[in-house]
Amino acid sequence: MKSMTPLEEIRHSAAHIMAAAIKRIWPDTKLDIGPPTFNGFYYDIDLDHNLTADDLINIESEMKMIIKENQPFVRIEVDRQEAVTFFKKQNQPYKLERLADIPENEVITYYKNGEFIDLCAGTHVKYTKQVKAFKLLSIAGAYYRGNENNKQLQRIYGTAYPTKQELNQYLELLEEAKKRDHRKLGKDMNIFHIDDSVGQGLILWQPNGSIIRKELQNFISEELTKQGYHEVFTPHIGKLGLYRTSGHFPYYQESQYPPIIEDDVIQMMAAENCSCAQLANRLKEGEIDGYLLKPMNCPMHIKLFDAQPHSYRDLPIRFAEFGTVYRWEQSGELNGLVRVRGLTQDDGHIFCTDNQLGNEIKASIEVVKVVLRTLGILDYRVRIGLRDPDSTKYTGDSVLWNKAENNLRQVAQTLGVDFEEEQGEAAFYGPKIDFVIKDVIGRDWQLGTVQVDYNLPKRFNLNYIGSDNKPHRPVIIHRAPFGSMERFVGLLIEHFGGNFPTWLAPEQVRILPINDNLQCYANNISTLFKKW
RNA sequence: GCCCUUGUAGCUCAGCCGGUAGAGCGCGUCCUUGGUAAGGACGAGGUCGGCGGUUCAAGUCCGCUCGAGGGCUCCA
């Protein structure tokens, strides 16, 4: 059993006290789990009564009672069968399921404070009075075991600190963070606008935001020219067939805007009294065609590559584009600039040979590091996203996947950066290295990314002619140092708290005439600055 | 999409137990002023997110709906 840090113990104990308080108020509450978190704690409960903010006040005062009672936390080892009987009698189905998860050879323990007994591995503070400073913060829905097919439980978030002073400091920090929120600053500084009548998650860039974005684009374009990229432009829509080949349609249909269907086809289907279900089916089967707002740029770049035959002497070929893509994100997930439905990637695709792969990955990662260093973003983590072996959402065979994953790992090891590997974080066509940073309230966001892809070259049957005069399959690297312009600018606003370095600042100079007689002179100076 | 919260002038907000809207900042005009969030006078600006219901009467109560915030799920 691994024990908790003193702070975790306080928070976890606070969670137990909260559960005990809730049981006092609603005795038939069914409990799930209540762990400490990075910023506090939560407890998931199943309760017929829908909790409201007012309930939190009541729960808090009951918690204060329990703390005042200064109950000891007592660890009790218990026989498995005994525990089963107990939780059955208590009508705690979630505890029974959690109990069943505990391996046979492990000791089962209760923790008891006052009348409240919880299945728990510990650890806790000694007495409830040691929880000196806590606050309940919010109520949220949370699916049991994080699976959306399961029942949604009610989760209460709270936080706790060793002292009142530290708690207040944290609460003030939250207030301060709100002031740096890119949605607030973005509005105050006229950086962007989201308009209901245009659509959720669709960004309108104000002139000030456009300056920032353009400066960033110029900056990265210079870097890419140095590295031998060719800039290209491709359209916003493409035929469904293209995305059938890539695998986007119909397999990722739920995260795309629906297809655009030609008017002739709509008329024809209407004449046949065709139902929506039939329409969907005929689209899926490819009996009728249409267009898709592009969810990714890669198929277009692949077609550019494939427009001519290539010799191994031509490789690597590097295409770059500020390509705008559209994705149907769930409405509850949209968030200012950082999670949107239309985003512009500083996208690029490198077509290279297996031998060139290592150097190209390295160079791609270097660009990401240059970007972060230039902007003073030093607090980031590096994540290697691997496929989830249990999931079916990935394309291609595991031999190619293993090859790609090994390649990425090897390069990462030569970079001198700390990285962690996470399963299930890969793209559907290949593994990736992501650069992840936090926003003002501590949420992780992926920015720059470098992805290795053996699968799309196969799906699109790409070839180059090798020195042996035979066709060979190239590898594709997908990479985006900023990730998306929207998200990057959003996090940049928070990173700088709105105080942009001069080269990015929308307003670099302001001329203040001290009286109206100097208006004309001020105008002249202003014109001079603009020319400059 | 689901849970909780929330929606009054450009912004921040007030508006009691239902009786047909208010402040500060901002904006406009004029006056004043050698200045760094200046002062004064006057003024414009709101079908209280939308639709429906209850009521003699709805910003206020109820239902539905749309948007936003915090989570959960998702994020090729």
Side-chain angles (χ1 to χ4, degrees), chain A residues 32 37 39-40 42 44-47 49-56 136-157 174 177-179 181 183-184 187-190 193-201 243 246-256 294-299 325-336 338-341 343 345 385 387-388 391-396 424-432 434 439 441-446 449 451 453 455-456 478 483-484 487 510-518 522:
Chain A
D32 186 24
T37 63
N39 286 320
Y42 67 82
D44 283 351
I45 63 171
D46 187 1
L47 177 64
H49 166 73
N50 273 359
L51 293 169
T52 67
D54 289 339
D55 292 323
L56 293 189
L136 302 188
L137 297 172
S138 61
I139 303 161
Y143 299 106
Y144 177 55
R145 290 179 188 270
N147 184 333
E148 66 178 323
N149 299 315
N150 289 344
K151 178 161 186 180
Q152 191 166 49
L153 308 177
Q154 304 191 69
R155 174 173 297 178
I156 303 176
Y157 279 98
L174 284 184
K178 275 189 200 159
K179 294 181 192 159
D181 190 313
R183 289 165 300 193
K184 177 167 172 52
K187 186 171 201 161
D188 293 348
M189 298 176 72
N190 289 322
H193 172 62
I194 298 173
D195 198 290
D196 282 356
S197 52
V198 173
Q200 290 176 275
Y243 298 102
S246 68
H248 289 98
F249 191 86
Y251 301 108
Y252 291 95
Q253 213 175 159
E254 75 287 352
S255 43
Q256 291 157 187
K294 65 177 172 184
M296 284 187 144
N297 300 304
C298 32
V325 299
Y326 298 88
R327 298 175 182 183
W328 187 259
E329 303 290 357
Q330 297 188 75
S331 59
E333 262 309 329
L334 297 172
N335 186 302
V338 297
R339 190 78 185 266
V340 293
R341 284 186 175 159
L343 55 131
Q345 298 176 314
R387 71 196 187 287
D388 174 357
S391 172
T392 55
K393 66 178 180 178
Y394 307 99
T395 184
E425 289 293 328
F428 82 99
Y429 45 73
K432 53 184 189 166
D434 293 328
D439 70 7
I441 59 174
R443 291 176 296 204
D444 279 343
W445 297 99
Q446 175 202 314
T449 182
Q451 315 176 349
D453 177 10
N455 283 308
L456 291 182
H478 308 242
S484 91
R487 179 175 291 178
R510 186 180 294 193
I511 297 159
L512 306 171
I514 52 179
N515 68 34
D516 290 349
N517 297 331
L518 297 170

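In this text the structure is predicted, and so the values were computed from the model without any measurement. To find a chain, count down the sequence lines: A is the first, B the second, and so on, and within it residues start at 1.
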Original post:
Looking at B:C75, B:G1, B:G70, which one has an atom nearest to any side-chain atom of A:E329?
Top reply: B:C75
Original post:
Side-chain N or O of A:N50 less than 4.0 angstrom from OP1 or OP2 on B:C4?
Top reply: yes
Subject >> Under the side-chain contact (heavy atoms from CB on, under 4.5 Å) test, residues paired with A:K179 that sit two or more places apart >> reply: A:E176
**OP:** Would you confirm whether A:Y252, through its side chain, and A:K393, through its main-chain N or O, come within 3.5 Å as a donor-acceptor pair?
**Re:** yes
**OP:** Just call it for A:G247: base, sugar-phosphate, or nothing, with non-hydrogen atoms closer than 4.0 Å on any strand.
**Re:** nothing
**OP:** Decide whether a cation-pi geometry holds between A:R155 and A:Y42; the criteria are a distance under 6.0 Å from NZ or CZ to the six-membered ring centre and an angle within 45° of the ring axis.
**Re:** yes
Original post:
Is there a side-chain polar atom (N or O) of A:R183 under 4.0 Å from OP1 or OP2 of B:G70?
Top reply: yes
Original post:
Looking across every strand, which nucleic acid part, if any, lies under 4.0 Å from A:T52 by heavy atom: base, sugar-phosphate, or nothing?
Top reply: sugar-phosphate
Which pairs, protein N/O on one side and nucleotides 61-67 of chain B N/O on the other, fall under 3.5 Å?
from, atom 1, to, atom 2, distance (Å)
B:G67, OP1, A:Q200, OE1, 2.9
B:G67, O2', A:D196, OD1, 3.3

Original post:
Would you say A:K184 reaches B:C11's phosphate, i.e. side-chain N/O to OP1/OP2 under 4.0 Å?
Top reply: no
Original post:
Is there a side-chain polar atom (N or O) of A:R341 under 4.0 Å from OP1 or OP2 of B:C75?
Top reply: no
**OP:** Select base, sugar-phosphate, or nothing to describe what A:A142 touches, counting heavy atoms under 4.0 Å on all strands.
**Re:** sugar-phosphate
Original post:
Does A:Y394 or A:L51 map to a spot on RNA chain B nearer the 5' end, using the closest nucleotide for each?
Top reply: A:L51
Original post:
When you measure from the side chain of A:N455 to the backbone N and O of A:T395, does any donor-acceptor pair fall under 3.5 Å?
Top reply: yes
Original post:
In terms of side-chain heavy atoms of A:Y157, which of B:C75, B:G70, B:G71 is nearest?
Top reply: B:G71
**OP:** Considering just the side-chain nitrogens and oxygens of A:N147, establish if one lies under 4.0 Å of OP1 or OP2 belonging to B:C72.
**Re:** no
Original post:
Side-chain donor or acceptor of A:R339 under 3.5 Å from a matching atom on the base of B:C74?
Top reply: yes
Original post:
Who are the side-chain contact (heavy atoms from CB on, under 4.5 Å) partners of A:P250, not counting sequence neighbours?
Top reply: A:Q253, A:K284
Original post:
Backbone N or O of A:V338 within a donor-acceptor pair of the A:N335 side chain at under 3.5 Å?
Top reply: no
Original post:
For RNA chain B, whose closest nucleotide is more 5', that of A:Y429 or that of A:D181?
Top reply: A:D181
**OP:** For A:L153, answer base if it contacts any base atom (sugar-phosphate contacts may also be present), sugar-phosphate if it contacts only those atoms, and nothing otherwise; contact means non-hydrogen atoms under 4.0 Å.
**Re:** nothing
**OP:** State which residues pass side-chain contact (heavy atoms from CB on, under 4.5 Å) with A:A140; sequence neighbours excluded, sorted by chain then number.
**Re:** A:Y157
Subject >> OP1 or OP2 of B:C4 under 4.0 Å from side-chain N/O of A:S138 >> reply: no
Subject >> Partners meeting side-chain contact (heavy atoms from CB on, under 4.5 Å) with A:L47 (sequence neighbours left out) >> reply: A:W26, A:D28, A:T29, A:I45, A:H49, A:L51, A:Q154
**OP:** With P as the reference atom in both, quote the distance from B:G43 to B:G22 in angstrom, rounded to an integer.
**Re:** 14 Å
Subject >> Between B:C31 and B:G67 - C1' atom distance, rounded Å >> reply: 44 Å
Original post:
Just by distance, do the side chain of A:S391 and the backbone of A:D388 share a donor-acceptor pair under 3.5 Å?
Top reply: no
**OP:** Name the nucleic acid region contacted by A:Q154, choosing base, sugar-phosphate or nothing; use a 4.0 angstrom heavy-atom cut-off, strictly under.
**Re:** nothing
**OP:** Give one of base, sugar-phosphate or nothing for A:D188, where a contact means two heavy atoms less than 4.0 Å apart.
**Re:** nothing
**OP:** Pick out which of A:R339, A:R487, A:R341 makes a salt bridge (charged side-chain N to carboxylate O under 4.0 Å, His left out) with A:E329.
**Re:** A:R339
Original post:
Can you tell me which stems RNA chain B forms when a stem means 3 or more consecutive Watson-Crick or G-U pairs under 3.5 Å?
Top reply: B:1-7 with B:66-72, B:10-13 with B:22-25, B:27-31 with B:39-43, B:49-53 with B:61-65
